[in-house]
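Data block below; observations after.
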Amino acid sequence: MIAFVSGPVAALAPDTAVVEVGGIGMAVQCTPNTLSGLRIGQQARLATSLVVREDSLTLYGFADDDERQTFELLQTASGVGPRLAQAMLAVHSPDALRRAFASGDEKALTAVPGIGKKGAQKLLLELKDRLGKPVGSAAPAAAPAAAGWRDQLQAALVGLGYAAREADEAVEAVAPKAEAVLADGGQPQVGQLLRAALQTLNRAR
């Protein structure tokens, strides 16, 4: 098992980072929140989980070991593969997921693309005692996004299965929030914007 990769970031895409390790470029699938903390040319260390299939080897990357462990625990539920587990972590931090399962928060789970009401109820039954108790009072602050938050956010929503038109509408809905941050001299945080955009999409259903 590849527990982590460490090295300079060679390239970034909407759902992938390429980290150079010993002269080899390792392609790592990451959530938008994890990607937003990476910069091309800068050193990065990503906790990783290798998913082996008959026709592929896919490396998933995470900001820390807690996120990776949560990713792996989520997949112990029937019907949860790596893509859905990663989508859950794109919407919620590990501690937010622990709070959702501990409190039976069905609404938090249905905020994840691909999880409906029945699916959420099933997951709550299966995973309630597996993730453990929340370890903090609030989710950690997301890393600041690089320039081009619109492109990152739109690509993240499309990657989660939304149509380009829906993604564009959600980006426009949260644009005032991002622009207010920029006006104050800050940088929009892709993870927070993604959660806000998903909320607007859920309300539109």
Side-chain angles (χ1 to χ4, degrees), residues 1-5 15-17 28-37 46-54 56-143 156-162 170 189-205:
M1 176 182 174
I2 302 173
F4 69 90
V5 295
D15 61 355
T16 308
V28 187
Q29 299 281 319
C30 303
T31 65
N33 206 32
T34 298
L35 289 169
S36 71
L46 296 172
T48 56
S49 179
L50 180 64
V51 175
V52 180
R53 295 286 185 267
E54 287 186 9
S56 67
L57 295 173
T58 307
L59 200 60
Y60 289 84
F62 310 93
D64 53 39
D65 290 334
D66 184 28
E67 201 171 79
R68 177 187 62 194
Q69 184 179 23
T70 303
F71 171 80
E72 293 173 349
L73 284 171
L74 289 170
Q75 292 178 77
T76 63
S78 58
V80 177
R83 292 186 69 83
L84 183 55
Q86 189 177 52
M88 293 171 76
L89 285 165
V91 178
H92 300 294
S93 69
D95 223 34
L97 284 171
R98 284 191 283 266
R99 283 195 296 273
F101 282 103
S103 63
D105 189 350
E106 185 181 303
K107 189 175 181 181
L109 296 185
T110 56
V112 178
I115 299 180
K117 184 179 178 66
K118 288 184 178 179
Q121 293 171 344
K122 183 168 172 286
L123 287 172
L124 286 171
L125 285 173
E126 287 195 44
L127 293 173
K128 182 175 182 179
D129 298 321
R130 295 186 199 175
L131 295 189
K133 296 180 179 179
V135 296
S137 57
L157 290 166
V158 171
L160 288 171
Y162 287 100
Q189 296 178 337
V190 172
Q192 292 180 359
L193 292 173
L194 178 61
R195 293 181 183 101
L198 288 168
Q199 288 174 357
T200 66
L201 287 165
N202 286 332
R203 285 197 295 266
R205 285 178 179 175

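Computed over heavy atoms, backbone and side chain alike; hydrogens, waters and symmetry mates excluded. Counting begins at 1 with the first residue of the sequence.
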- Message: Can you confirm whether Leu127 sits close enough to Thr76 that some side-chain heavy atom of one is under 4.5 Å from a side-chain heavy atom of the other?
- Response: yes
- Query: What distance do Leu198 atom CG and Thr110 atom OG1 have between them, rounded to the nearest 0.5 Å?
  - Reply: 11.0 Å
- Nearest heavy-atom approach of Ala77 to Leu123 is CB-CD2, 3.8 Å
- What do the steps show when you test Phe62 against Thr70 for side-chain contact (heavy atoms from CB on, under 4.5 Å), and what is the final call? CA-CA 10 Å; Phe62 310 93; Thr70 303; over 6 Å; no
- Donor-acceptor pair, Thr48 side chain versus Leu59 backbone, under 3.5 Å? no
- Query: Can you find a pair of side-chain heavy atoms, one from Pro113 and one from Val91, that are under 4.5 Å apart?
  - Reply: yes
- Residue set satisfying salt bridge (charged side-chain N to carboxylate O under 4.0 Å, His left out) with Lys117, at least two apart, ordered chain then number -> Glu106
- Message: Quick check: do Ile115 and Leu84 have side-chain heavy atoms less than 4.5 Å from each other?
- Response: yes
- Message: For the CG atom of Asp15 and the OH atom of Tyr60, what is their distance to the nearest 0.5 Å?
- Response: 9.5 Å
- Closest non-hydrogen atom pair between Ala85 and Phe71, with its separation: CB-CD1, 3.7 Å
- Who pairs with Ala170 by side chain to side chain contact (heavy atoms under 4.5 Å, CB included), at least two apart in sequence or on another chain? Leu157, Ala197, Thr200, Leu201
- Taking salt bridge (charged side-chain N to carboxylate O under 4.0 Å, His left out) as the test, write out the residues that go with Glu126, two or more places apart. Lys122
- Query: Any donor and acceptor pair, going by atom type alone, linking the side chain of Arg53 with main-chain N or O of Thr58 inside 3.5 Å?
  - Reply: no
- Message: For Arg68 versus Ser49, what's the shortest heavy-atom pair and its separation?
- Response: CG-CB, 4.1 Å
- Task: Rounded to the nearest 0.5 Å, what's the gap from NE2 on His92 to CZ on Arg99? Could you check?
- Result: 10.0 Å
- Heavy-atom side-chain contact between Phe101 and Leu124 under 4.5 Å: yes
- Note on the structure: What one should report as the nearest heavy-atom pair of Thr34 and Ala63 is OG1-N, 3.8 Å
- Query: Hey, which of Gln69, Gln86, Met88 is the one that makes side chain to side chain contact (heavy atoms under 4.5 Å, CB included) with Leu74?
  - Reply: Met88
- What distance separates Asn33 CG from Leu89 CG, expressed to the nearest 0.5 Å? 10.0 Å
